[in-house]
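Here's the structure, in structure tokens; my notes come after.
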Amino acid sequence: MNARLTTYLDDIFSRYEDLKPIQELKEELSKDLQERLQDLQKDGFNEEAAFHRTIDSIGEITELIESIHANTTKLQQIIGIDFSMQNLQKSDLREIQVHDGKFNYSNLQESDFSNSDLTNASFKCSNLDGVNFNGTNLTRAKISKSNLKGASFKNCILDQTDFSSSELSGICFDNLTFTGTSFNHAGLKGTTFRNAIFHAVSFKTEVKKTIFDGAKMDKVTYAILKAYKANLTHVTII
């Protein structure tokens with residue numbers, strides 16, 4: 001390894017040590033340049049001449065590095081972004097894509113998340129009163145200990161969504177499909193699940209005044225609801 005060439009590359013890439021894509025570019029470039037330097041020396045160039053010819057062969061890489069940096073930074077902004085403890089009341093958040101985002105302890109009253117992708121998002125202890133989740137992907141989202149009165153979930157994806165200990169009284173979940181969803185200890189007074197489909201859904205909570213008319217469910221979900229004295233008169237076991 002040529003120490004001078006290594007130092008040269010270290011200087012160029014020093015601003016981006018925390019960005020994996022740029023460091024991968026550096027490693028690949030370093031290997032190629034070291035090999036070129038050795039080839040030039042074998043062809044009869046002295047160390048100084050071989051070094052400068054190797055450097056000149058790089059061309060202008062600053063633009064490429066900046067492009068990778070900009071794209072990587074943008075990606076970091078939409079994955080794992082933290083909106084916790086914010087007042088985002090009545091915010092227009094339609095069609096956003098925020099995987100693993102955090103909205104904990106925030107005021108999101110009457111905000112619009114329609115048609116968004118909030119996979120793995122967290123809404124712990126948040127005010128979600130009147131929030132629009134229509135058409136939103138909430139797969140594996142954690143919406144625990146939150147107020148969701150008046151929230152809308154039409155055409156929502158709720159696979160493995162965790163609503164534990166949240167207030168869902170009066171919410172309409174009609175015609176939705178639930179797979180691995182948890183409603184443990186949630187408030188479900190007057191909540192409707194008309195014509196919904198259930199697969200391995202957990203209901204460790206009061207469901208005597210929850211409406212399941214026309215719903216279809218597996219035997220396990222049915223057994224759990226029966227144990228909590230839900231009205232399953234118009235339910236079909238699948």
Side-chain angles (χ1 to χ4, degrees), residues 18-21 68-194 196 201-206 210-211:
D18 59 333
L19 297 177
K20 184 177 179 181
I68 295 174
H69 176 254
N71 289 333
T72 302
T73 301
K74 181 179 180 181
L75 185 64
Q76 289 177 335
Q77 288 175 344
I78 63 174
I79 296 179
I81 194 167
D82 194 343
F83 289 102
S84 297
M85 296 183 287
Q86 299 294 319
N87 184 6
L88 299 170
Q89 187 175 10
K90 297 183 179 180
S91 294
D92 182 357
L93 298 168
R94 291 173 293 177
E95 300 182 359
I96 65 170
Q97 296 184 27
V98 184
H99 288 200
D100 301 292
K102 295 179 176 61
F103 300 85
N104 303 322
Y105 306 99
S106 291
N107 180 14
L108 292 156
Q109 185 177 21
E110 297 182 14
S111 290
D112 189 351
F113 284 98
S114 58
N115 301 309
S116 294
D117 188 348
L118 300 175
T119 301
N120 289 322
S122 177
F123 294 87
K124 182 179 179 180
C125 301
S126 293
N127 180 13
L128 301 171
D129 183 8
V131 168
N132 182 357
F133 284 117
N134 291 345
T136 297
N137 185 351
L138 287 167
T139 298
R140 296 187 299 279
K142 297 177 178 60
I143 313 178
S144 58
K145 301 179 181 178
S146 294
N147 171 34
L148 288 122
K149 281 190 174 181
S152 178
F153 292 92
K154 186 177 180 181
N155 298 320
C156 209
I157 299 174
L158 297 169
D159 294 345
Q160 300 179 55
T161 307
D162 185 358
F163 288 106
S164 296
S165 302
S166 285
E167 181 52 65
L168 297 164
S169 296
I171 296 295
C172 175
F173 287 115
D174 296 352
N175 304 304
L176 296 180
T177 298
F178 301 89
T179 302
T181 313
S182 175
F183 293 97
N184 294 339
H185 312 295
L188 296 173
K189 183 178 181 180
T191 304
T192 66
F193 293 93
R194 294 184 181 91
V201 179
S202 182
F203 284 97
K204 295 180 180 179
T205 191
E206 173 63 52
T210 306
I211 300 170

For [X], all residues meeting side chain to side chain contact (heavy atoms under 4.5 Å, CB included), sequence neighbours excluded:
| X | value |
| --- | --- |
| Ser111 | Ser91, Leu108, Phe113 |
| Glu110 | Lys90 |
| Thr139 | Thr119, Asn137, Ile157, Asp159 |
| Phe83 | Ile81, Leu88, Phe103 |

Do the side-chain N and O atoms of Asp162 and Ser144 include a donor-acceptor pair separated by under 3.5 angstrom?
no
Once you round to the nearest 0.5 Å, how far does [atom1] of [X] lie from [atom2] of [Y]?
| X | Y | atom1 | atom2 | value |
| --- | --- | --- | --- | --- |
| Ile171 | Phe193 | CD1 | CZ | 9.5 Å |
| Phe153 | Phe173 | CZ | CZ | 4.5 Å |
| Leu188 | Thr205 | CG | OG1 | 5.5 Å |

Do any pairs count as a salt bridge (Lys or Arg N to Asp or Glu O under 4.0 Å) and have a residue in residues 131-154, sequence neighbours left out, and if so which ones?
none
Pairs flagged by salt bridge (Lys or Arg N to Asp or Glu O under 4.0 Å) wherever residues 114-132 is involved - sequence neighbours left out
none
Looking at [Y], is its backbone amide N or carbonyl O close enough to the side chain of [X] to form a donor-acceptor pair, meaning the two atoms are under 3.5 Å apart?
| X | Y | answer |
| --- | --- | --- |
| Ser182 | Ser164 | no |
| Ser116 | Leu93 | yes |
| Ser114 | Phe133 | no |
| Asn127 | Gln109 | no |

Can you list everything that forms a side-chain hydrogen bond (donor to acceptor under 3.5 Å, both in side chains) with [X]? Sequence neighbours excluded, please.
| X | answer |
| --- | --- |
| Asp92 | Arg94 |
| Ser152 | Asn134 |
| Arg194 | none |
| Gln160 | none |

Strictly by side chain to side chain donor-acceptor pair (under 3.5 Å), give each pair with a member in residues 169-178 just once, sequence neighbours left out.
Glu167-Ser169, Asp174-Thr192
Residues Asn155, Asn115; criterion side chain to side chain contact (heavy atoms under 4.5 Å, CB included); working and verdict:
CA-CA 9 Å; Asn155 298 320; Asn115 301 309; over 6 Å; no
